Amino acid sequence: MHLSEQEIIRRNALQELINLGIDPYPTGVFPVNASTTEILTNYKAGSGLYEDISLAGRIMGRRIMGAAAFVELQDAFGRIQLYIKRDDICPGEDKSLYNTVFKKLLDIGDIVWIRGYVFITQMGETTIHVKEFKLLAKSLRPLPVVKEKDDKVFDAFMDPEQRYRQRYVDLIVNPWVRDIFIKRTRMVNSMREFLNARGYLEVETPILQPLYGGAAARPFKTYHNALDTTLYLRIANELYLKRLIVGGFDGVYEFSKDFRNEGMDRFHNPEFTQMELYVAYKDYYWMMDLVEQMVEKIALDIHGTTQVKVGEHLIDFQRPWKRFTMFEAIEHFTGIDISEMDEKQLREVASQLGVEIDDTMGKGKIIDEIFGEKCEPYLIQPTFITDYPIEMSPLAHKHRSKPGLVERFEAICNGKEICNAFSELNDPLDQRERFEAQLELGRRGDEESMVLDEDFLRALEFGMPPTAGLGIGIDRLAMIMTNSPSIQEVILFPQMRPEKRKEISSDEEYEALGIPSVWIPILRQAGYSHIEALKKANPNALFNQLGGLRKKHKLEVPMPTMDEVRKWLALDSA
RNA sequence: GACUACGUAGCUCAGCAGGUAGAGCACAUCCCUUUUAAGGAUGGGGUCCUGGGUUCGAAUCCCAGCGUGGUCACCA
């Protein structure tokens, strides 16, 4: 394993600690009776508070001045300054706890426990005067050091690749990241409270499904050995929740991790979270009211106000939200009333508006394209769009009065869909026809068409009450509620291409080639970190390179002969 | 999938009329008992993403690949 200079220094420090009889990774319960933020908000000079406190956390900065030092300690809530004075922690003759252990063997990143009392420095900073400290865990890798003054950040750790691959570092170093995920969880908690207060039952349904349904998407496929069968990771849980409505629950919901085998971008992660809710004896109008109430509550719970800043916009979730039918929205943004048009007229409108369509698209798809291009991006404040074309909605109930449409709505916010809901289709014969239309699309090559689920139809045939259903994208909503520009910012471990680790040969492998151990690190540094690379090397070039490195590192070892080098490479010494 | 930008020290970045690799932070040594993004001095640390090509000579120019971001396409 190749270690940087700083890593070697830390490992040496680790060994020295052990030699001093200090366990660098002790176990036990370490009492903590305060937190950083609590102290910073409550402490006042002369208040008599916090005279004997214990804290644990990570060292994030050190300013050493001879026999005293200031340390930045970070716990789960924030940072506080510590003051460590040599003669306080080393009252006797032996000053090694300060001079050696603290000054030389501790580093930024180490996790420590401290005990002391709070005071305020001459600079006015609330600080803990440390009487006692203990190392809880030694850190072997240098942490990026981010500094800040007057809200200006210096050397910010912002490379997205490193931030997402090493989220633990991101969380240590960027306090706003922790904040985003706390808000996300508060959002989920807020929804759960809202739904539980109404008596709906939180359930769990299968993630591994023999048939994937409930949405139009390509699935991930897997295999179960004992059952000798193909299974799919769910793309939605809709059909299972509706089975539960058939079963007699009158309100069920699930926070569902769903999986779709499609492209990734700043709005799509292959695994994402939806909350789906189904309530019997209700319709989509009723569901709109529920969504308004729930999202308004979320904004209030997270921000204490209904107004949320998202990018350039201030979005206000206060009820009631604007409502448009899809036809009204299109007329509003384009001035064209398409409600009575046939497919030919729609095609003309599309080309007139510069909306790209192709011959395979039917009426519903064309309308959807026009809406997606001309309306959706401009809907910034939360808006309900209702009454979608039937072709696009194979699981939604026919509109009670408008032919060709279904009782469906989406809430659009910041130019993006945040939820999708309908009066659920509960007519089993109609549902069978819709599935068959989907099968036809599949036969024509649509890879995302739905598959026919006989068991689901059987359930509907037993009778499902009129039901309102809702799917709400948790990641998308979290992006809005935390003002995050990308889905990766609201998923702790977003999907990334697997990190390729460079293969590095062990010392034994080098030695097996007859290479003296002193040369092994030199060879690695010269670029031959794997013996295969070494075997391919040109012996003359290698020989010269070794000579150079020997000089550079002032090595006291004899230079190998050309013959020896050729032997390492398994060449005849000709 | 297409286009585009980027990939240099642990971190943030400079260097690109091709000529021996730089800064700040971090790290090491020494001096400093209330400092604060950075006290002072000195010093160490690089397969300049990988592989080819052009060239006497490539971090720099060209090609390919890998990785990441952005835009577009796809994703109701």
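As the structure is a prediction and not an experimental result, all values here were calculated from the model. Chain letters run A, B, ... following the sequence lines, proteins first and then strands; every chain starts at 1.
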**Prompt:** Which nucleotide, U35(B), G69(B), A37(B), lies nearest any side-chain atom of K147(A)?
**Reply:** A37(B)
**Request:** Please identify each residue that fulfils ring-ring contact (aromatic ring centres under 6.0 Å, His included) with F435(A), with sequence neighbours left out.
**Result:** none
**Prompt:** Is a side-chain donor-acceptor pair under 3.5 Å present for D387(A) with T325(A)?
**Reply:** no
**Asked** Across all strands shown, which nucleotide pairs with C56(B) by Watson-Crick or G-U wobble geometry, both distances under 3.5 Å?
**Response** G19(B)
**Prompt:** With a 3.5 Å cut-off and no angle check, do the side chains of Y388(A) and H399(A) form a donor-acceptor pair?
**Reply:** no
**Asked** Does one side chain, of Y117(A) or H129(A), offer a donor that lies under 3.5 Å from an acceptor on the other?
**Response** yes
**Asked** Roughly how many Å is it from CZ in R86(A) to P in U34(B), rounded to a whole number?
**Response** 13 Å
**Item:** Chi-based syn or anti call at A17(B), which uses purine or pyrimidine torsion atoms and a 90° bound
**Value:** syn
**Request:** With heavy atoms under 4.0 Å as the rule, sort R63(A) into base, sugar-phosphate or nothing.
**Result:** base
**Message:** Is there a side-chain hydrogen bond (donor to acceptor under 3.5 Å, both in side chains) between R79(A) and T36(A)? Walk through the geometry before answering.
**Reply:** CA-CA 6 Å; R79(A) 285 188 188 186; T36(A) 53; over 6 Å; no
At a cut-off of 3.5 Å, list every protein nitrogen or oxygen paired with a nitrogen or oxygen from nucleotides 9-16 of chain B, distance to 0.1 Å.
| residue | atom | partner | partner atom | Å |
| --- | --- | --- | --- | --- |
| G10(B) | N7 | Q6(A) | NE2 | 3.4 |
| C11(B) | OP1 | Q162(A) | OE1 | 3.3 |

**Asked** Any side-chain N or O of Q488(A) less than 4.0 Å from the OP1 or OP2 oxygen of G69(B)?
**Response** yes
**Complete:** Of U33(B), A37(B), U36(B), the nucleotide closest to the side chain of M65(A) is U33(B)
**Item:** Per-nucleotide protein contact string for nucleotides 71-76 of chain B, where B marks a base within reach and S marks sugar-phosphate only (heavy atoms under 4.0 Å, - for neither)
**Value:** S--BBB
**Request:** Using heavy atoms to find the nearest nucleotide of RNA chain B for A67(A) and I108(A) separately, return the residue whose nucleotide is more 5′.
**Result:** I108(A)
**Request:** Output yes when E369(A) and K365(A) qualify as a salt bridge under the 4.0 Å nitrogen-oxygen rule, no when they do not.
**Result:** yes
**Item:** Any R79(A) side-chain N or O less than 4.0 Å from OP1/OP2 of U36(B)
**Value:** no
**Request:** When you get a sec, tell me which of U34(B), U68(B), A37(B) is the closest nucleotide to the side chain of R165(A)?
**Result:** U68(B)
**Message:** With a 3.5 Å limit on both atom pairs, tell me what G70(B) is paired to, counting Watson-Crick and G-U wobble, or say none.
**Reply:** C3(B)
**Partner nucleotide of A28(B) by Watson-Crick or wobble geometry (both distances under 3.5 Å)** = U42(B)
**Prompt:** Does Q81(A) get its side chain close enough to the base of U35(B), under 3.5 Å, for a donor-acceptor pair?
**Reply:** yes
**Proximity to the side chain of K104(A) - top-ranked nucleotide from C30(B), U35(B), U68(B)** = C30(B)
**Request:** Provide the distance between the two C1' atoms, one in G67(B) and one in U8(B), to the nearest whole Å.
**Result:** 16 Å
**Prompt:** Using 4.0 Å as the upper bound for N to carboxylate O, is an ion pair formed by E72(A) and R63(A)?
**Reply:** yes
**Item:** R62(A) CZ to A37(B) P, straight-line distance once rounded to whole Å
**Value:** 19 Å
**Request:** Could you tell me whether the side chains of E489(A) and S486(A) share a donor-acceptor contact shorter than 3.5 Å?
**Result:** no
**Message:** Ignoring hydrogens and geometry beyond distance, is a side-chain donor-acceptor pair present between N19(A) and Q15(A) at under 3.5 Å?
**Reply:** yes
**Item:** F493(A) six-ring centre to R167(A) NZ/CZ under 6.0 Å and within 45° of normal
**Value:** no
**Prompt:** D110(A) CG to C27(B) C1': how many Å, rounded?
**Reply:** 14 Å
